[in-house]
Number of protein chains: 2
Amino acid sequence: MADASATRTKILNACRTLLESDAGAATRMSDVAKAAGVSRQAVYLHFKTRAELLIALTRHIDSVEDVDDRLAASRAATGLDRLDAFIDAWGGYIPVIYPVGRALMAMAPGDDAARLAWEDRMTAMRQGCEAAVRALESVGALKDALTLETGTDMLWTLLSVRNWEALVETCGWDQSRYITDMKALSRAYLCKTDNHG
Amino acid sequence: MADASATRTKILNACRTLLESDAGAATRMSDVAKAAGVSRQAVYLHFKTRAELLIALTRHIDSVEDVDDRLAASRAATGLDRLDAFIDAWGGYIPVIYPVGRALMAMAPGDDAARLAWEDRMTAMRQGCEAAVRALESVGALKDALTLETGTDMLWTLLSVRNWEALVETCGWDQSRYITDMKALSRAYLCKTDNHG
DNA sequence: GCGTCACTTGACGCAGTGTAAAGTTTACAC
DNA sequence: GTGTAAACTTTACACTGCGTCAAGTGACGC
């Protein structure tokens with residue numbers, strides 16, 4: 001018999017590879033099984049549903065890619081630096097989770113489990129936005145017209161995966177320009193004009 | 001026998017009403033048929049596929065809601081006014097097409113016809129963005145660091161239906177705040193700082 | 001040898017889209 | 001009134017992809 005956790009990992013890696021390929025969004029359970037070299041039923045043995053597989057994959061990627069380490073740097077920064085550091089961290093992580101995120105977003109309208117899982121992630125990301133806006137507020141850099149909540153709503157929207165998709169995937173921006181311009185955009189909206197160029 | 005074009009309109013209106021209801025995104029062909037008071041096959045008699053029905057609905061809404069009139073005002077404006085006028089026009093139109101747009105976006109990953117139709121619309125909207133950025137450029141209000149294309153890419157992204165969805169549907173902003181803040185955001189990113197407050 | 005765990009095989013139920021074919025109703029023509 | 005044609009109904013079915021079920025196989029521990 002095979003090692004169960006090894007098979008599980010094989011399935012997760014196969015699924016990730018497929019999702020990262022061109023037609024990744026259309027990846028079916030049978031494709032995953034074939035790519036992993038197991039039967040379709042073996043996939044269901046490890047993951048009850050397609051949504052559960054994708055959700056498990058996000059966690060798998062998180063641990064493999066050290067998401068916590070990436071975000072640690074942004075938590076150390078203060079004032080305007082915190083905004084930049086957060087955009088570096090989150091913006092740099094988007095391309096990593098994008099393939100599976102895209103699949104989860106695609107099934108979200110019709111699948112509560114997928115929708116909730118993705119919403120949870122986006123809610124967690126919102127905490128980072130709020131912390132960055134709070135950091136601006138605490139050094140008096142936040143525009144007077146903005147509240148913590150309004151600023152957070154907008155930053156959370158600007159840094160959405162959909163916007164990354166639009167700029168990088170659709171418009172063909174490269175990742176570094178995305179980061180640079182998102183920083184400029186966020187600062188232009190959130191910060192008093194006398195606090196930046 | 002019934003009037004074919006009357007039945008067609010009945011189907012389109014029923015479909016629109018369903019899409020505008022709470023669980024609109026999940027609207028099936030059989031739901032549309034039932035709501036229109038015709039058989040499921042009658043729907044297929046008028047629209048070969050679900051995608052075709054949704055695409056026809058966007059056109060139907062365009063004509064009923066006078067989309068051309070809405071955009072005419074923005075084409076008349078110049079300089080900074082053109083940006084505001086375009087955001088008023090397009091931003092005001094998003095809530096109108098959102099229900100059917102959401103359905104089209106949901107099926108886009110797996111349906112070429114739906115994807116292409118939605119992309120076409122977004123490409124048309126991009127023309128408006130480009131015209132607005134060009135208007136800024138022509139009065140010397142565009143930031144030196146920005147090109148026409150970069151500015152257009154970003155404005156097109158900022159004014160996406162997804163961002164309206166995030167702010168209005170998810171964050172609960174009201175429509176007028178969405179418009180106001182989008183204008184502020186766009187100006188903050190696109191315009192030289194000495195051209196606005 | 002015996003059980004058990006991981007997995008395979010093949011079949012099936014289900015939902016929703018789309019197709020096919022035969023029948024019904026209405027209108028209009030002559 | 002008979003004929004015909006268009007709009008629509010009814011019933012049935014094919015297809016895809018998800019998820020389930022049940023019986024079978026192979027390896028390993030004891």
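Values below: all heavy atoms of this structure, side chains included; hydrogens, waters and symmetry mates excluded. Letters A, B, ... are given to chains in the order of the sequence lines, protein chains preceding strands, and every chain is numbered from 1.
By the 4.0 Å N-to-carboxylate-O rule, R70(A) lies too far from D62(A) to be salt-bridged with it. Checked for salt-bridge contact, R50(B) and D111(B) miss the test: no charged N lies under 4.0 Å from a carboxylate O.
Of the candidate nucleotides dT8(C), dA11(C), dG18(C), dT8(C) has the atom lying nearest to any side-chain atom of L45(A). Here the side chain of Y44(B) is nearest to one of dC18(D), dC8(D), dT19(C), namely dT19(C). When distances are taken from the side chain of S39(A) to each of dT9(D), dT9(C), dG19(D), the shortest belongs to dT9(C). Considering only side-chain atoms of T49(B), the nucleotide from dG18(C), dG17(D), dC8(D) that sits closest is dG18(C).
Taking the six-membered ring where the residue is Trp, W164(A) and Y98(A) present tilted rings, their angle falling between 30° and 60°.
Enclosure of atom CD in Q175(B) by more than 12 non-hydrogen atoms of other residues, nucleotides or ligands within 6.0 angstrom is indicated.
Pair check for dC30(C) finds dG1(D); Watson-Crick or G-U wobble, both atom distances under 3.5 Å.
Between the CD atom of Q41(B) and the P atom of dT11(D) there is a distance of 12 Å, given to the nearest Å. At whole-Å resolution of the value, CG in D31(B) and P in dA15(C) are 13 Å apart. To the nearest angstrom, C1' of dT20(D) lies 18 Å from CZ of R50(A). R8(B) places its CZ atom 12 Å from the P atom of dC8(D), with the value rounded to the nearest Å. The nearest whole Å value for the distance from the CD atom in E52(A) to the P atom in dG19(D) is 10 Å. Regarding D112(A), its CG atom lies at a distance of 18 Å from the P atom of dC18(D), rounded to whole Å. Atom CZ in F47(B) sits roughly 15 Å away from atom C1' in dC8(D) (whole-Å rounding). Going from atom CG of L53(A) over to atom P of dC18(D) covers 10 Å, rounded to whole Å.
Screening T147(B), L146(B), T152(B) for a side chain to side chain contact (heavy atoms under 4.5 Å, CB included) with E149(B), the sole residue that qualifies is T147(B).
Within the 4.0 Å cut-off from OP1 or OP2 of dC8(D), at least one side-chain nitrogen or oxygen of H46(B) is found.
Evaluation of atom-type donor-acceptor distances gives no pair under 3.5 Å for the side chain of R40(A) against the base of dG10(C).
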